[in-house]
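Reading through the structure tokens given below for one structure.
Order of the sequence lines sets the chain letters (A, B, ...), proteins ahead of strands, with each chain counted from 1.
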Amino acid sequence: MGTLYEDMVAYGGEVFGKEHMETLRECVQCGKCTGGCPSGRNTAFRTRKLFQMALTDMREEIFNSPELWFCSTCYTCYERCPKGVKTTDLIRTIRNLAAKEGHMSVPHRMIGVYVLKTSHAVPLGPAQMELRKAVGLDEMAPTAQKYKDQLEQVQTIFKTTGYDAMIDFDWDTMNLKGMDKGGKK
Amino acid sequence: MAEEEEYDYTKIPPTGSVEGIAAGAPEDSPRIGVYVCHCGINIKMVVDVEDVTRYAASLPNVVVARHYIFMCSDPGQDLIRKDLAEGRVNRVIVASCSPRMHEPTFRKTCSDSGLNPFYYEMANIREHCSWPHGDFHKEATEKAKELVRSAVARSALLEPLEEKLVDVKPEALVIGGGVTGMYAALDIANGGYKVHLVEKKPSIGGHVAQLSRTFPTLERVASLLTPRMIEVGAHPNIDLMTCSEVEEIGGYIGNFDVKVKRKPRYIDMEKCKDCTPCIEACPVKDIPDEFNEGLSTRSAIYIPFPFAVPPAYTIDAEHCLLLKEGKCGDATLETIKEGKAVPPCMAACPGVIDFEQKDEIEEFTAGTIIVATGYDLVDPGVSAEYKYGVYPNVITSMEFERLLSPGGPTGGKIELNGKEPKDIMFISCVGSRNKQVGNEYCSRVCCMYLAKQAYLAKEQLPDADVKVAFQDVRAFGKGFEEFYGDVKTEGVFYMRGLPGEIYKKPGSDRVVVRGENTFIGEPYEQEADLVVLGMGLAPNKDVKSIISMLKLSTSVDGFLMEAHPKLRPVDTATDGIFIAGCCASPKDITDSIAQGKATASGSLLYLVQGMAKIEPAISQIDEEICIGCARCVDVCPYGALELDEVRHVMTVNEAVCKGCGGCNSICPSGAATMKHYRDRQVYAQIEALTEITDVGMLAELESAATAAVAAEASAGAADTGSEAGEGEGAETEAVPGAE
Amino acid sequence: MSEEEGTKEYAYFLGCITPNRYPGIEAATKRILKEFGIETKEMMGASCCPAPGVFGSFDMHTWLPVAARNLAIAEEMDLDIVVTCNGCYGSLQEADHLLKGNPKLKEKTNEILGKFGREFKGTTKVNHSIVVLHDVIGLDRLKEKITKPMNGVNVAVHYGCHFLKPREVRGHGSSETPYILEDLVKVTGAKDVDYKDKLMCCGAGGGNRTADSVQSLEWMRQKLVSAIEEGCDCMVHPCAFCHLQLDRGQAEMNKAFGTDYNFPILFATQFLGLAMGLSEKECGLDIQTTTMPEKLLK
């Protein structure tokens, strides 16, 4: 484990490319991100401050703050940043690193459970089947929720990448292990 | 890397000499002196200069090798002078820095001692060796030896060249009549030489004429500028051409052939008395007034501003009904000719207006050219989140200048639609320092003009809330920081953070600025009835044709490129062509004037002497070999080559050729070669570098790769300061070298 | 991509919310595209896209292969993709963009897909349904089919985020001055009304709604209020996920804040559907939280 910045460049760099991540160092703290941030005016989330904290390696403070999860990834700051800092992708990278260290709330982990069980983050219920019929559609769309072999493909991906382990998924109960654990491992 | 013995540069003495193996060689053979420079410790720290000196002494034709702490210093040059005076050497090599830095220095050392300066050769063991290879002492020392070996191989084959002189026509062309061009023109004219000053607009004065007051001294610009403008207009040595554009430029230093198109004003300037009846008569009155940034309107016949020079009216052909639609009222060009109906303007002012005027082409020769074409304001639409053009309360800084100007649309009152603003917010860095809008550079003037504008706003409206949203305040000039302090003391509040966006307050005509005060880390929503965007400066879009006519280069930011950003800030790669003011980069009035005067000085250097040296390391055609195919004509960026129809061979115009080597590389017969970069001279260098000793292999190389070698020659030309491969839009630095 | 005479086919990537919460969006979209000779084919076995701001925030290395698998299904069908959700649009387009630009990443991803015999090749294109309407069908042809013009209706356009941004991937021009939805609204005869928070996020994305639903609803409330203040009659948007927040969210918001908002929310094809003569029922607008006023149904 290096500094948070180094980890971000290494981890996010694999997906977005290193140069994309290295834009973090170009931040001049002008505040244009926070200035137009829909979260900033409603929560304690400060994009500008987060980047300064990341550059000063305040890993624990960042990972332990609930505000980290109050970015809606709307890309407004990404579009406006005068220095071309790839804000939203940097935030997502920080979140990935936080999640890997167990900073992931139960509701967030539950989204993974739904996908593992049904292939959908928003699963279909009996009431919704009726809605589908009401507009003249088949009661269930022919997605992976309908075919066991297709659902297994999605599950295979989660198993391969270790997402199941990351959220403490229990393959026997098809639910999170020990629902009483709270937000952190 | 493990060293057997730690290299300790402090143990190297400041100087030392080794006798070369060619000592005592006959007088008419090449007798080379090699001088290795320590550059203080810049080279010595990495390269073992003693070792290099010993090695140099072992090379063919070397009679002496010396090393010294600073070869460019007087005692350093004395080493060379002494060896030359004693007849010990007849070729000189200094192994030091880039030729761009000190080739002129040592060439002069040689010529002062009677040696043809083209017998001088340089090995760059600093930029090409000690600086980039700082961690590799051993390898760098080896590389330095190779570079010296290569220079020695070339040195033996050098030929003397004579620098030629051309006559300089004692007149200058200045393109652009803004403050920069005005000052350049005035200095040359006052020096006693004729200046052709070409301005596209109907009046000189440029953007500066639009400004209210200066920073940081708060002087009224009109009162500062008007006397200078009148001086330009009345100067017997200045041929002022307004409404004019340069159409064509050919030739070379001392003899630039210029064609200027003068557009008609449709007014007899001698007779125009600068009164108003024509304006009142003109039926077209709704044209946005450029001088007032569209905050007011003007008629089709107009004077750009009250203190315009020349003080004459102009008819705007794009809007004049008679010129645009062929008819104004009952009048047409025909009826005017026939003496029947005339348009209202002619009726109001008989005998002055002349619709028969046509474009005129004026031709003259100029010895030097100064480009002072200025800037454009960045398009405020690039930061659409600030809603310029959507909300009328959001204006540009130039519009605000017009509001502050006594001659402006409001007579100097800060008001919008007749209403005084209560809350004014200035935003810095709009369109500057912004990668998203493509302008990464700082515009250099915005911080201080915003400070001035905020100060004047507070001065005029003491009860108004005046804020400046900024990311940095760059108050670097004389008196700037003190002024910035005064502005804040006056009650202008500086709030750190670039705002994110602006929206209109529902049910109101006010806007709200959303931002973060980064010092306290809290977002805010600040209501305002006037938002002034601190617009940056961009390269002048209309200057493209001049760039291609003069073969100027632009840097990545789009501004014109100087010959060297530090050492030659107003020169270009072409002798006799200078750049000044905001066409080269954003700058304030002070710096623009300084550059204008610097280019006048550069011009006068040639005008006063009446002659200019031209580069002797240029193309030469071997007429025995040339087949007259003229392929070189297509690649020559300077138009230096011409086909002699009678003898059917190419000829080189020595004044025009810049020695780029393009003809050399394209020539299928090998007739075009470069003086000072002859094939054999370049081969010898390559051979020495690559240590090719197999003669067969070398022959193969020679026969197979004329083009490749010629390219090497061009690269060599580049290293001596010529501009190989340059041209319009070249974005890289012209000359390799790290300084 | 197959293109027979007068017909064009797309693989319709449904995602989660369209089929499982708002089938009206699915029905209206299919109906309208068919009206212009465009067939939508089911993508058998497709899954969650998966949500770019959610799975992208937790584990990009899971997000990417799941998205790549969905792209591979369309590639196997030899069809370009059409979507009705900005989340799906963002996820699939971004995955496609990243995989095409990074051979190493593609190889790594295909290793995973290879476990069940699939492969991402990079042969499909991800389209948003409103771009198909605007650019493929075109405003002129749309206009011909407007039988119940929306004259007098004031519309607040809501873009959502991942349709426009980041512009370097989406390619719809400046995200500060968009035009596609405005054009589609105006073609019905309705008025596109500018409002304060027009370009603001609905508040749901990036796991924000899951992280803290009340503050996420507060963003939405601000957005709705700013549209209502300008006299808008409804909100038209291109995103099933925003629809969930804006429509169902109003019920949650009323419960949380003790308010009684009922501001009509319509997906773009639902709005166009009404203007083209489809019924409220056919567009599924009778089976959602917010109710449609007479003005829109007449």
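- Ranked by non-hydrogen atom pairs under 4.5 Å with chain A, the options G515(B), A469(B), G497(B) are led by G515(B).
- Using a cutoff of 4.0 Å between basic side-chain nitrogens and carboxylate oxygens, K32(A) and E385(B) are scored as salt-bridged.
- Looking at every heavy atom in both residues, P523(B) comes nearest to G40(A) through CG-O, 3.2 Å.
- Of the atoms belonging to E525(B), it is side-chain heavy atoms, and not backbone ones, that fall under 4.5 Å from chain A.
- Between the side chain of Q436(B) and the main chain of K83(A), no donor-acceptor pair closer than 3.5 Å is present.
- Within the model, atoms SG of C37(A) and CZ of R514(B) stand 10.5 Å from one another, a figure rounded to the nearest 0.5 Å.
- Under a cut-off of 6.0 angstrom, the local environment of OH in Y114(A) is sparse, with at most 12 non-hydrogen atoms contributed by other residues, nucleotides or ligands.
- Contact record, P82(A) with L498(B): CG-CD1, 4.1 Å, taken as the closest heavy-atom pair.
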Using the side-chain contact (heavy atoms from CB on, under 4.5 Å) rule, take R48(A) and T518(B) through it: C-alpha gap first, then chi angles, then the decisive distance, then the call.
-> CA-CA 8 Å; R48(A) 175 193 56 76; T518(B) 65; 3.4 Å; yes
Carefully, step by step, assess Q471(B) and Q29(A) under the rule side-chain contact (heavy atoms from CB on, under 4.5 Å).
-> CA-CA 8 Å; Q471(B) 56 174 328; Q29(A) 292 285 298; over 6 Å; no
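- Ion pairing between a basic and an acidic side chain is recognised when a charged N comes within 4.0 Å of a carboxylate O; K435(B) and E79(A) show no such pairing.
- A distance-only check finds no donor-acceptor pair linking the side chain of R41(A) to the backbone of Y524(B) [under 3.5 Å].
- Summarising the local packing, NZ of K452(B) is surrounded by more than 12 heavy atoms from other residues, nucleotides or ligands at distances under 6.0 Å.
- Between R80(A) and E501(B), at least one side-chain nitrogen of the basic residue sits less than 4.0 Å from a carboxylate oxygen of the acidic one, meeting the salt-bridge criterion.
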